[in-house]
Amino acid sequence: NAGVMQNPRHLVRRRGQEARLRCSPMKGHSHVYWYRQLPEEGLKFMVYLQKENIIDESGMPKERFSAEFPKEGPSILRIQQVVRGDSAAYFCASSPGESGIYEQYFGPGTRLTVT
Amino acid sequence: AQSVTQPDIHITVSEGASLELRCNYSYGATPYLFWYVQSPGQGLQLLLKYFSGDTLVQGIKGFEAEFKRSQSSFNLRKPSVHWSDAAEYFCAVVPSGGYQKVTFGTGTKLQVIP
């Protein structure tokens, strides 16, 4: 049973470009979470999605960031017009049910570098 | 405000020595509690979790944690550290009851010296 997959593992973008980060949850998991980790900091919650629904986006910046989890295919975190401050590691996690009762399983992360 | 505190940013221990990593939380009711480990360049792996019941929880890789309600703490322990335990450790908390997002502490980096 494959774990949570994220790609790419490393992504370099110039300022102003778009970044697309993909996450395939574990088989049987329909709940996906995105986190951002800045150097020397813990993980900060960004968004929680179920298939075709955004459940909680309270951690998402208001502009330039969006996320989706379509009926088919991976979850996508999209960052438009990237800036240097977007450089971070972005982690996806999945669970079979709501977080709390069900622990989250993490992917290896995508390390975004904005030059 | 709800918060999770890991007061130690870096800890260095000798191989074979015992280890205790501290985690304190500030929530109204007893939350669900987790410890994760992150090796360099990797994602997070769950070490153990506490939902209810026995306050001493056993996890993987020889780790255990004890929930102390009176101290609002959930400290992680290991009797004898191995060099492969060098990593960053994160305490995480979720308020109990329905969906709530996970709040992570800022992490403790563990260095193991021979």
Side-chain angles (χ1 to χ4, degrees), chain A residues 2-10 21 23-26 30-50 53-60 67 88-113, chain B residues 1-10 21-25 27 29-53 57 59-60 63 65 74 87-109:
Chain A
V4 178
M5 313 269 290
Q6 288 188 250
N7 68 79
R9 294 291 307 274
H10 299 274
L21 288 62
C23 169
S24 297
M26 285 182 71
S30 58
H31 300 247
V32 166
Y33 313 81
W34 284 95
Y35 295 87
R36 176 164 60 178
Q37 184 179 34
L38 293 168
E40 307 300 322
E41 293 187 18
L43 275 73
K44 302 295 185 187
F45 168 81
M46 298 182 75
V47 63
Y48 163 40
L49 310 106
Q50 295 179 24
N53 281 305
I54 297 175
I55 307 301
D56 181 355
E57 56 181 348
S58 59
M60 287 277 273
Y90 291 83
F91 290 93
C92 166
S94 73
S95 68
E98 291 178 340
S99 68
I101 292 291
Y102 299 96
E103 66 262 28
Q104 297 180 14
Y105 296 82
F106 282 81
T110 294
R111 278 144 186 86
L112 172 65
T113 302
Chain B
Q2 299 171 337
S3 65
V4 182
T5 302
Q6 292 182 248
D8 304 306
I9 298 174
H10 294 275
L21 303 181
R22 295 182 290 167
C23 173
N24 294 93
Y25 63 89
Y27 282 83
T30 300
Y32 302 133
L33 299 156
F34 306 82
W35 274 100
Y36 286 87
V37 60
Q38 183 182 31
S39 298
Q42 301 298 314
L44 276 69
Q45 181 184 20
L46 180 70
L47 286 175
L48 47 79
K49 60 187 178 186
Y50 173 79
F51 289 162
S52 65
V57 180
I60 63 171
F63 285 92
F74 189 56
E88 190 157 18
Y89 292 80
F90 292 93
C91 180
V93 177
V94 181
S96 56
Y99 162 70
Q100 300 282 347
K101 60 190 176 191
V102 180
T103 299
F104 285 85
T106 51
T108 298
K109 284 187 179 174

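Protein chains get the first letters and strands the later ones, always in sequence-line order, with residue 1 at the start of each.
Rounded to the nearest 0.5 angstrom, B:L48 CG and A:E103 CD are separated by 11.0 Å. How far CZ of A:F106 is from CG of B:L46: 9.5 Å, rounded to the nearest 0.5 Å. Atom NZ in A:K44 sits 11.0 Å away from atom NZ in B:K101 (nearest 0.5 Å).
Heavy-atom contacts from other residues, nucleotides or ligands closer than 6.0 Å to CD1 of B:I9 number 12 or fewer. Atom CE of A:M60 is surrounded by more than 12 heavy atoms from other residues, nucleotides or ligands within 6.0 Å.
A:Q6 does not touch chain B: none of its heavy atoms, backbone or side chain, sits under 4.5 Å away. Contacts of B:L44 with chain A are made by both backbone and side-chain atoms, with heavy-atom separations under 4.5 Å. Neither the backbone nor the side chain of B:Q6 comes within contact range of chain A; no heavy atom of the residue lies under 4.5 Å from a heavy atom of that chain.
In summary, of the residues considered (B:F104, B:Y36, B:F90), a ring-ring contact (aromatic ring centres under 6.0 Å, His included) with A:Y35 occurs for B:F104 alone.
Residues forming a ring-ring contact (aromatic ring centres under 6.0 Å, His included) with B:F63 (at least two apart in sequence, or on another chain): B:Y89. For B:D8, the salt bridge (charged side-chain N to carboxylate O under 4.0 Å, His left out) test picks out B:R22, with sequence neighbours left out.
No other option in B:G105, B:G41, B:G107 has as many heavy-atom pairs under 4.5 Å with chain A as B:G41.
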